[in-house]
Amino acid sequence: QVQLVESGGGSVQAGGSLRLSCAASAYTNCRNTMSWYRQAPGKEREFVSTIDSDGSTNYADSVKGRFTISQDNRKNTVSLQMNSLKSEDTAMYYCKADLRYGASCGMALDAWGQGTLVTVSS
């Protein structure tokens, strides 16, 4: 089973920074995508950022220019550097893995982490 563990959440003042990390217990040599989502109480879970095995990234407009997603060389750990935090960034942040596996990379699975809470005070 693939396990994802997020860390780095906490409470900061507006304008501050946090760095979130997500470690996957397993990875493959096929295409893999790691993403961050967030969900505030009473709201839908929303996309934040994603990175694939080749380093291609994408960001939600609300965080573009403030957040940076990255991965380590082993590509089983993804980080989200969050700068210039706003109160609107307060949410539970979840890591998601979209993995391909098998001899032909034809199998797929996704997994979610348990979440890490980010609270930004104004």
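In plain terms, the two heavy atoms of T90 and A40 that are nearest each other are O-CB, 3.8 Å. Nearest heavy-atom pair across S84 and S17 is N-OG, 4.3 Å. The minimum heavy-atom distance linking S53 with R31 is given by the pair OG-C, 3.9 Å. Across S70 and R19, no two heavy atoms sit closer than the pair OG-NH2, 3.6 Å. In this structure, E6 and Q114 approach most closely via the heavy-atom pair OE1-OE1, 2.8 Å.
Two residues are said to be in side-chain contact when any heavy atoms from C-beta on lie closer than 4.5 Å; T33 and I51 fail this criterion. Side-chain contact between M82 and Y93: present, with at least one pair of heavy atoms (C-beta onward) separated by less than 4.5 Å. Residues L80 and T68 fail the side-chain proximity criterion, which asks for heavy atoms closer than 4.5 Å. Looking at Y59 and V48, their side chains never come closer than 4.5 Å, going by heavy atoms from C-beta outward. In this structure the side chain of T50 never reaches within 4.5 angstrom of the side chain of T57, judged on heavy atoms.
Look at D89 and R38 and you find a salt bridge, because one of the NZ, NE, NH1 or NH2 atoms lies within 4.0 Å of a carboxylate O, short of that distance.
Using modelled atom types, no side-chain atom of N83 and backbone atom of Q81 make a donor-acceptor pair closer than 3.5 Å. A distance-only check finds a donor-acceptor pair linking the side chain of D52 to the backbone of D54 [under 3.5 Å].
Atoms CD and OG, from E46 and S62 in turn, are 5.5 Å apart once rounded to the nearest 0.5 Å. Separation of atoms OG (S35) and CG (N58) is listed at 9.0 Å; rounding is to 0.5 Å. A distance of 11.0 Å separates CG in L20 from OG in S49, rounded to the nearest 0.5 Å. With values rounded to the nearest 0.5 angstrom, S121 atom OG is found 5.0 Å from Q13 atom CD. For the atom pair CG of D110 and CG of L99, the computed distance is 8.5 Å after rounding to the nearest 0.5 Å. Between M92 atom CE and T116 atom OG1 the span is 7.5 Å, to the nearest 0.5 Å.
Residues V118 and W112 are members of separate hydrophobic clusters, defined by side-chain heavy-atom contacts under 4.5 angstrom among Ile, Leu, Val, Met, Phe, Trp and Tyr. Residues L109 and Y94 do not share a hydrophobic cluster, clusters being chains of Ile/Leu/Val/Met/Phe/Trp/Tyr side chains in contact below 4.5 Å.
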Run the side chain to side chain contact (heavy atoms under 4.5 Å, CB included) check on L18 and L85 step by step: do they pass? CA-CA 8 Å; L18 283 174; L85 284 163; 4.2 Å; yes
Would you check, one step at a time, whether the test side chain to side chain contact (heavy atoms under 4.5 Å, CB included) holds for E44 with Y37? CA-CA 10 Å; E44 298 285 338; Y37 289 76; over 6 Å; no
Please determine whether side chain to side chain contact (heavy atoms under 4.5 Å, CB included) holds for the pair M34 and C22, giving the CA-CA distance in whole Å, both sets of side-chain angles, and the decisive distance to 0.1 Å. CA-CA 9 Å; M34 302 286 284; C22 173; 4.1 Å; yes
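Between the side chains of T119 and S11, no donor N or O sits under 3.5 Å from an acceptor N or O.
Between F47 and W36, the ring centre distance reaches or exceeds 6.0 Å.
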